[in-house]
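A quick write-up on the structure given underneath.
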Amino acid sequence: MIGTSDPESLDRLFSQICRLKHARVHTLYEALGLYRGQPRMLRALWAQEGLTHTELSRELRVQPATITKMIQRMEKAGFVERRHDQDDQRVSRVYLTAAGRAVREDVQQVWRRLEEEAFAGFTEKESLVLRQFFLRIRDNLTQAAGGE
């Protein structure tokens, strides 16, 4: 039954799955030298390098101060570098380093591995049905949050 204190309720199971997935993915990312939020920033930069702090903040939906700390940590690890904008020296843009580009395949392998681990034993039909349920849950929560 939904919304009960039953440890096997859908809500509690969903929360447990989310926590387990996050813990597992962070363990796999840490093996690559990456930490919370950094793979999302890499994904944004793989799509388009040279974004400003403000653009990254908007893209990742986090506070500018969080972006600044994340960039500093990723610079220290050698994944990104900041360069001044050619037209406006007050603006800095974030670019991938060779290491930031090279880690892409490893990060994608983490995504594949996590999916294989999480959905092991599911038939193709079960996976399709589960996907439909996930999409419905996402749509329900998006609508409840005002369409964000």
Side-chain angles (χ1 to χ4, degrees), residues 2-3 5 7 9-120 122 126-148:
I2 296 176
S5 60
S9 72
L10 290 176
D11 186 58
R12 301 259 327 251
L13 286 170
F14 188 65
S15 292
Q16 290 170 356
I17 290 166
C18 289
R19 276 195 309 276
L20 288 165
K21 181 223 177 235
H22 285 293
R24 181 67 177 138
V25 77
H26 291 302
T27 298
L28 295 172
Y29 284 152
E30 285 176 9
L32 301 176
L34 295 170
Y35 299 93
R36 178 168 278 127
Q38 293 178 349
R40 288 180 55 221
M41 181 180 292
L42 287 170
R43 187 182 311 155
L45 293 170
W46 291 328
Q48 180 182 352
E49 285 192 65
L51 296 173
T52 65
H53 290 221
T54 302
E55 291 166 337
L56 282 166
S57 174
R58 203 173 12 242
E59 174 76 21
L60 302 180
R61 296 181 181 188
V62 296
Q63 296 297 316
T66 302
I67 289 295
T68 299
K69 283 287 217 188
M70 195 180 303
I71 290 169
Q72 289 170 345
R73 191 171 191 181
M74 291 179 77
E75 274 185 311
K76 204 175 223 180
F79 292 114
V80 300
E81 65 182 3
R82 284 182 275 194
R83 296 184 212 149
H84 289 292
D85 185 275
Q86 292 178 348
D87 299 325
D88 186 347
Q89 292 295 304
R90 297 172 296 175
V91 175
S92 86
R93 296 188 173 277
V94 182
Y95 293 87
L96 294 165
T97 62
R101 286 184 197 87
V103 77
R104 184 177 188 165
E105 180 55 38
D106 293 332
V107 169
Q108 290 172 332
Q109 180 58 37
V110 164
W111 298 335
R112 287 188 294 271
R113 181 175 177 180
L114 186 64
E115 187 163 328
E116 288 169 5
E117 290 174 355
F119 302 107
F122 281 76
E126 289 171 330
S127 294
L128 288 172
V129 170
L130 185 58
R131 186 177 197 288
Q132 290 173 332
F133 290 151
F134 282 167
L135 289 169
R136 191 180 317 163
I137 292 168
R138 184 193 64 193
D139 292 347
N140 290 344
L141 293 174
T142 298
Q143 184 177 6
E148 295 177 12

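Any value given below was found using the heavy atoms of this structure, including those in side chains, with hydrogens, waters and symmetry copies removed. All residue numbers refer to positions in the sequence shown, counting from 1.
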Side-chain donor/acceptor pairs under 3.5 Å, residues 36-43, sequence neighbours excluded:
from, atom 1, to, atom 2, distance (Å)
R36, NH2, H26, NE2, 3.4
Q38, OE1, Y35, N, 2.9
R40, NH2, L60, O, 2.5

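With sequence neighbours left out, F14 forms a ring pair (Phe, Tyr, Trp, His ring centres under 6.0 Å) with no residue at all.
If you take NE2 on H53 and CD1 on I67, they are separated by 8.5 Å, rounding to the nearest 0.5 Å. Taken from CG in L56 to CD in E59, the straight-line distance is 7.5 Å, to the nearest 0.5 Å. Here the CG-CZ distance, from L128 to F133, works out to 11.5 Å after rounding to the nearest 0.5 Å. How far CZ of F119 is from CZ of R131: 10.5 Å, rounded to the nearest 0.5 Å. Here the CD1 atom belonging to I137 is positioned 11.5 Å from the OG1 atom belonging to T142, to the nearest 0.5 angstrom.
Closest approach of G50 and L45 over heavy atoms only: N-CD2, 4.4 Å. Closest approach of L32 to F79, counting heavy atoms only: O-CZ, 3.8 Å. The shortest heavy-atom contact between R101 and W46 is CA-NE1, 4.3 Å.
Without hydrogens or angle criteria, S57 side chain to V62 main chain gives a donor-acceptor distance under 3.5 Å. Side-chain atoms of T52 never come within 3.5 Å of backbone atoms of R93 as a donor-acceptor pair (strictly under, hydrogens ignored). A donor-acceptor pair under 3.5 Å links the side-chain atoms of Q89 to the main chain of D85, judged by distance alone.
Put simply, the side chain of D139 does not reach to within 4.5 Å of the side chain of Q143, judged on heavy atoms.
Between E75 and the choices R82, R83, K69, the salt bridge (Lys or Arg N to Asp or Glu O under 4.0 Å) rule is met once, by R82. Of the residues L34, V107, V110, the one that meets the side chain to side chain contact (heavy atoms under 4.5 Å, CB included) test with L28 is V110.
Taking a 6.0 Å sphere around CZ of R136, one finds it holds 12 or fewer heavy atoms contributed by other residues, nucleotides or ligands. Heavy-atom contacts from other residues, nucleotides or ligands closer than 6.0 Å to CD of Q86 number 12 or fewer.
Residue pairs meeting the side chain to side chain donor-acceptor pair (under 3.5 Å) criterion with at least one partner in residues 15-24, sequence neighbours excluded, are R24-E117.
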